Number of protein chains: 2
Amino acid sequence: MTGRRADLLHDKIEDLILTGELVPGERLDEVSLATRFGVSRTPIREALMQLAASGLIDLRPRRGAIVAEIGPKRMVEMFEVMAELEAICARLAARRATESDEAQICAHHQACAAAAAASDEDAYYYENEAFHEAIDAAAHQEFLSDQTRALRRRLKPYRRLQLRARGRVQNSFDEHEAVVRAILAHDAEAAAEAMRAHIVVQGERFTDLLASLETPRGARAR
Amino acid sequence: MTGRRADLLHDKIEDLILTGELVPGERLDEVSLATRFGVSRTPIREALMQLAASGLIDLRPRRGAIVAEIGPKRMVEMFEVMAELEAICARLAARRATESDEAQICAHHQACAAAAAASDEDAYYYENEAFHEAIDAAAHQEFLSDQTRALRRRLKPYRRLQLRARGRVQNSFDEHEAVVRAILAHDAEAAAEAMRAHIVVQGERFTDLLASLETPRGARAR
DNA sequence: ATACAAATTCTTGTATACAACTTTATTGAC
DNA sequence: GTCAATAAAGTTGTATACAAGAATTTGTAT
């Protein structure tokens with residue numbers, strides 16, 4: 001235990017946002033949150049500042065915090081950058097993975113296979129994350145891993161959403177297969193390209209999803 | 001004016017670190033800083049948390065903050081990631097730059113030329129930054145620009161340091177020239193490669209510098 | 001003199017009180 | 001009835017007080 005309530009609050013508020021209980025654009029009132037969690041405003045403010053730093057909320061001076069509204073444009077951009085970062089990880093992993101790294105990657109890949117076979121989306125989602133983290137680790141570039149992890153975390157809810165799309169799990173697994181093969185063959189460029197394609201597809205699927213949902217602006221009348 | 005003292009304090013403390021007045025490993029006492037700047041601990045704490053989010057300081061629960069000690073390994077890693085990000089910017093800029101973007105890039109490039117000719121390192125440093133930001137803008141990828149800018153900001157002091165190395169300004173300018181040519185020719189891969197090389201060289205020069213300085217650990221006896 | 005233990009001091013984390021600013025509601029004029 | 005000005009309410013930013021956990025010092029035993 002860290003002894004800091006603010007850190008726990010950070011996670012709790014983050015959950016509220018990621019689960020959709022707090023929707024983009026919604027105001028985050030400090031006293032409401034404080035009473036809700038049974039603490040004073042001080043740790044709440046600290047948690048909010050951390051969330052603002054990670055981009056999940058917008059903090060407007062003297063005007064409080066709102067859940068960040070990430071427009072489709074920015075979302076696509078984030079997936080693009082994510083694709084580049086993960087591609088770099090894959091490229092490095094192909095060059096520098098140890099046997100133990102490769103074993104880890106294969107293990108998680110196999111776990112993905114099992115989840116896909118069972119059509120267990122939640123399990124696949126979880127193992128997918130572990131698979132990507134294993135590749136990050138194999139790149140042996142800590143700072144790159146940190147940056148990649150941070151962005152992956154931010155895109156988490158959206159990735160989860162788009163895994164629900166028809167046939168996406170099987171496709172995702174096939175794409176993983178290509179990545180794994182390239183890494184085991186120590187083919188850096190192929191690994192990078194396979195990984196980039198894998199993430200880019202996710203971004204595209206996500207924009208498809210957005211287009212199909214496309215909520216009319218300002219639905220809330222007054 | 002923002003009305004938030006914490007924001008100003010953030011910049012002031014940052015300055016203390018970047019100018020070297022506060023050295024890596026040094027403890028940042030909240031009350032000392034508070035009395036120093038004539039405010040209470042509250043805004044100081046907020047500033048410290050912001051600085052921690054940007055990685056400039058380490059915040060250890062219940063044990064206070066220290067100026068982040070960025071080891072040579074991590075520093076090299078940061079330059080590597082920076083090289084990749086800037087390379088992506090250059091690639092996109094080669095593809096998507098408008099005439100106005102190109103004019104901006106050329107203008108700053110020329111200003112660099114003037115500074116280099118005058119051997120004015122400080123002016124060159126300033127214009128160099130503007131040059132890179134112009135390329136970021138030409139990529140038309142806001143999120144990528146944000147990430148790149150954030151990392152550039154973090155590497156700022158180290159870049160400045162290494163510009164002082166003999167002949168580095170002229171070399172830097174020559175490398176810029178290659179980047180500009182590739183962008184104007186809309187040769188995306190050449191632009192990416194030229195930019196990557198440009199940044200990687202900086203990282204190498206920096207590690208050279210580190211090796212030559214190499215301070216013995218724990219110089220402060222007790 | 002050294003090592004360990006207990007107690008004191010110091011520092012951080014949280015709560016509360018107050019001040020400054022924003023927003024909303026009310027009142028009045030047109 | 002609409003709009004503007006003004007007053008009231010509510011929210012954020014800052015200061016201060018208090019609680020709890022580290023670090024340091026002091027005392028004792030070996």
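These figures come from a predicted structure and were not determined experimentally. Throughout, protein chains are lettered first and strands after them, A, B, ... in sequence-line order, and every chain is numbered starting at 1.
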Requested in this report: Check each of A:Glu175, A:Met82, A:Glu204 against A:Ile199 using the side chain to side chain contact (heavy atoms under 4.5 Å, CB included) test, and report the only one that passes.
Outcome: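 Single pass found, and it is A:Met82.
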
Phosphate contact ([N] OP1 or OP2) by [X] side-chain N/O below 4.0 Å:
X	N	value
B:Arg27	C:dT12	yes
A:Arg41	C:dT14	no
B:Arg5	D:dG13	no
B:Ser40	D:dA15	yes

Could you state the [atom1]-[atom2] distance from [X] to [N], rounded to the nearest angstrom?
X	N	atom1	atom2	value
B:Ile66	D:dA22	CD1	C1'	15 Å
B:Arg60	C:dG13	CZ	C1'	15 Å
A:Arg45	D:dA15	CZ	P	12 Å
A:Met49	C:dG13	CE	C1'	15 Å
A:Leu9	C:dA15	CG	C1'	14 Å
A:Glu46	C:dA15	CD	P	10 Å
A:Arg4	C:dT11	CZ	P	18 Å

Query raised in the report: Does B:Arg74 pair with A:Asp146 as a salt bridge, N-O distance under 4.0 Å?
Result: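 Looking at B:Arg74 and A:Asp146, the cut-off is met.
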
Report task. Determine, for B:Lys73 against B:Glu80, whether the closest basic-nitrogen to carboxylate-oxygen distance falls under 4.0 angstrom. Result ->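 Salt bridge: no.
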
Query raised in the report: For residues 28-37 of chain B, which residues have at least one heavy atom under 4.0 Å from DNA chain C?
Result: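 Those residues are B:Leu28, B:Asp29, B:Glu30.
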
Requested in this report: Please figure out whether B:Ala65 or A:Pro43 has its closest DNA chain C nucleotide nearer the 5' end.
Outcome: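 Closest to the 5' end, via its nearest nucleotide, is B:Ala65.
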
Query raised in the report: Of all the choices, D:dA15, C:dG13, C:dA15, which nucleotide is nearest to the side chain of B:Arg62 once you look at every atom?
Result: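 Nearest listed nucleotide: C:dG13.
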
Query - Minimal non-hydrogen separation, B:Asn128 against B:Ser172, with atom names - result: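 Answer, listing the atom of B:Asn128 first, then B:Ser172: OD1-OG, 4.4 Å.
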
Query raised in the report: By ring pair (Phe, Tyr, Trp, His ring centres under 6.0 Å), which residues pair with A:Phe173, not counting sequence neighbours?
Result: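 Result, ring pair (Phe, Tyr, Trp, His ring centres under 6.0 Å) vs A:Phe173: A:His109.
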
Query - Between B:His176 and B:His108, ring centroids under 6.0 Å - result: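 Distance test on ring centres: not under 6.0 Å, no.
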
Report task. With sequence neighbours excluded, give me every salt bridge (charged side-chain N to carboxylate O under 4.0 Å, His left out) pair touching residues 83-110 of chain B. Result ->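 Non-adjacent pairs meeting salt bridge (charged side-chain N to carboxylate O under 4.0 Å, His left out): B:Glu84-B:Arg196, B:Glu86-B:Arg152, B:Glu86-B:Arg159, B:Arg91-B:Glu189.
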
